[in-house]
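Some notes on the structure that comes next.
Start at 1 and go down the list; that is how both ligands and their atoms are numbered.
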Amino acid sequence: MDKIYDVIIIGGGPGGYTAALYCARGGLSTLVFEKQAAGGQMALTSQVDNYPGFEEGVDGFILGEKMKQGAERFGVETRREEVSAVKLTEDIKEITAGEETFKSRCVIIAAGAGPRKLGLSGEEEMTGSGISYCAACDGMFFRKKTVAVIGGGNTAAADALILSRICQKVILVHRRDELRAEKIYQEPLFSAENIEFCWNSQVEELLYDEKITGIKIKNKITGEISEKSCDGVFVSVGREPASELFKEQIAVSKEGYIVADETTKTSLPGVFAVGDIRTKEVRQIVTAAADGATSAHFVQEYLAEQTAKQG
Ligand code: NAP
């Protein structure tokens with residue numbers, strides 16, 4: 001007979017691996033699917049200063065690996081594979097990855113969020129040929145070149161700062177006349193000599209042949225259209241939940257987040273949602289980790305109830 005895990009966790013970020021640690025340490029057979037590196041989005045952040053316990057801060061990739069190893073110490077299995085299909089509505093859940101289907105009594109969805117796209121023609125085609133969603137990963141490809149950063153939040157500000165140290169010039173394009181980014185980012189940003197600010201501006205068009213050559217932007221106040229030459233475009237306009245795979249079976253908010261309160265319980269029995277994919281106010285590493293611990297508690301409770309029903 002096929003193995004039936006107590007719990008399968010989809011996503012190996014801080015929410016997923018904290019859930020895995022608590023579940024396995026509580027004696028549950030636990031399998032984690034992670035499509036990239038352990039740590040999820042956190043693995044792309046070179047310096048994490050707001051996770052407690054690290055007086056000098058910590059590299060997000062290293063923290064992700066440590067979370068994985070900490071969970072595996074208690075018997076958690078990890079598969080480095082992307083989940084392609086799920087069946088969550090029955091008592092025994094089915095998770096497909098590659099050619100194989102895995103079964104479990106509970107599922108914890110910890111798939112996180114991915115970058116929001118601009119939705120412009122050529123964006124997908126030029127990803128990797130000038131379009132990037134991660135300055136920390138791709139910045140070095142644009143050494144001494146000119147790049148545009150789109151957005152006005154913390155990510156855009158942090159990206160513009162990283163890139164200003166690598167590139168010859170950074171053009172920051174924001175749709176309003178003030179940044180959403182916290183003040184701590186603003187002073188170094190405004191004092192960097194190689195950052196040009198395009199306020200109240202929306203990118204209308206990506207200019208490219210085989211690679212990105214520039215952007216066409218529209219000033220929303222004056223209506224003026226202008227072209228800016230650049231070699232790369234870093235899109236930093238926020239994130240979207242990675243809920244595509246689940247949303248036909250489970251309740252999601254209008255923004256696509258899986259509806260779950262502080263208990264992490266979703267609209268489906270035996271299915272829990274943790275971290276950035278869940279409806280919540282504060283999306284941080286530490287709140288994702290807290291969700292992971294909470295979900296394990298309610299997984300245990302759910303499994304005990306199921307056993308009592310059967311028994
Ligand atoms: P965010 O805070 O949602 O900011 C997104 C930015 O993109 C906003 O400035 C928004 O403009 C703009 N935007 C959204 N859609 C757009 C579109 N279609 N076209 C053009 N511009 C668009 O996202 P984020 O900066 O990725 O941050 C996400 C979360 O991570 C936040 O909670 C943030 O605080 C956190 N974070 C924290 C740190 C840290 O160091 N503590 C670092 C990075 C991220 P408007 O301002 O006009 O809405």
[atom] [closest protein heavy-atom partner, distance rounded to 0.1 Å]:
| atom | value |
| --- | --- |
| atom 2 (O) of ligand 1 | Arg180 CD, 3.5 Å |
| atom 23 (O) of ligand 1 | Gly238 CA, 3.3 Å |
| atom 11 (O) of ligand 1 | Arg175 NE, 3.1 Å |
| atom 19 (N) of ligand 1 | Gln202 NE2, 3.5 Å |
| atom 31 (C) of ligand 1 | Asn154 ND2, 5.0 Å |
| atom 41 (N) of ligand 1 | Asn50 ND2, 3.8 Å |
| atom 9 (O) of ligand 1 | Gly152 N, 3.0 Å |
| atom 40 (O) of ligand 1 | Tyr185 OH, 2.5 Å |

> For atom OH of Tyr302, is the number of surrounding heavy atoms from other residues, nucleotides or ligands below 6.0 Å larger than 12?
Replying inline: yes
>> Around atom CD of Gln47, are there more than 12 heavy atoms from other residues, nucleotides or ligands closer than 6.0 Å?
In response: yes
>> Strictly less than 4.0 Å: does any protein heavy-atom distance to atom 29 (C) of ligand 1 fall in that range?
In response: no
Lys/Arg N to Asp/Glu carboxylate O, [X] vs [Y], below 4.0 Å:
| X | Y | answer |
| --- | --- | --- |
| Glu204 | Lys216 | no |
| Arg278 | Asp291 | yes |
| Glu196 | Lys228 | yes |

> What orientation do Phe190 and Trp199 show, parallel under 30°, tilted 30 to 60°, or perpendicular over 60°?
Replying inline: tilted
> Which bit of Arg283 is near ligand 1, meaning a heavy atom under 4.0 Å away: side chain, backbone, both or neither?
Replying inline: neither
> Is ligand 1 under 4.0 Å from a heavy atom in the side chain of Tyr133, in the backbone, in both, or in neither?
Replying inline: neither
>> Given the ring of Phe102, does Arg79 sit roughly above its face, with NZ or CZ under 6.0 Å from the centre of the six-membered ring and within 45° of the axis?
In response: no
Are [X] and [Y] close enough that a side-chain donor and a side-chain acceptor fall under 3.5 Å?
| X | Y | answer |
| --- | --- | --- |
| Gln168 | Asn194 | no |
| Tyr17 | Thr78 | yes |
| Glu262 | Thr294 | no |

Any N/O of [X] closer than 3.5 Å to an N/O of ligand 1?
| X | value |
| --- | --- |
| Thr155 | yes |
| Gly151 | no |
| Lys117 | no |

>> Within ligand 1, which atoms have a heavy atom of Arg116 less than 4.0 Å away?
In response: 14 (C), 15 (N)
> What atoms of ligand 1 come within less than 4.0 Å of a heavy atom belonging to Arg176?
Replying inline: 45 (P), 46 (O), 47 (O)
> So between Leu118, Val282, Asp159, Val237, whose heavy atom ends up nearest atom 22 (C) of ligand 1?
Replying inline: Val237
> Is there side-chain contact between Ile8 and Phe33, with heavy atoms separated by less than 4.5 Å?
Replying inline: yes
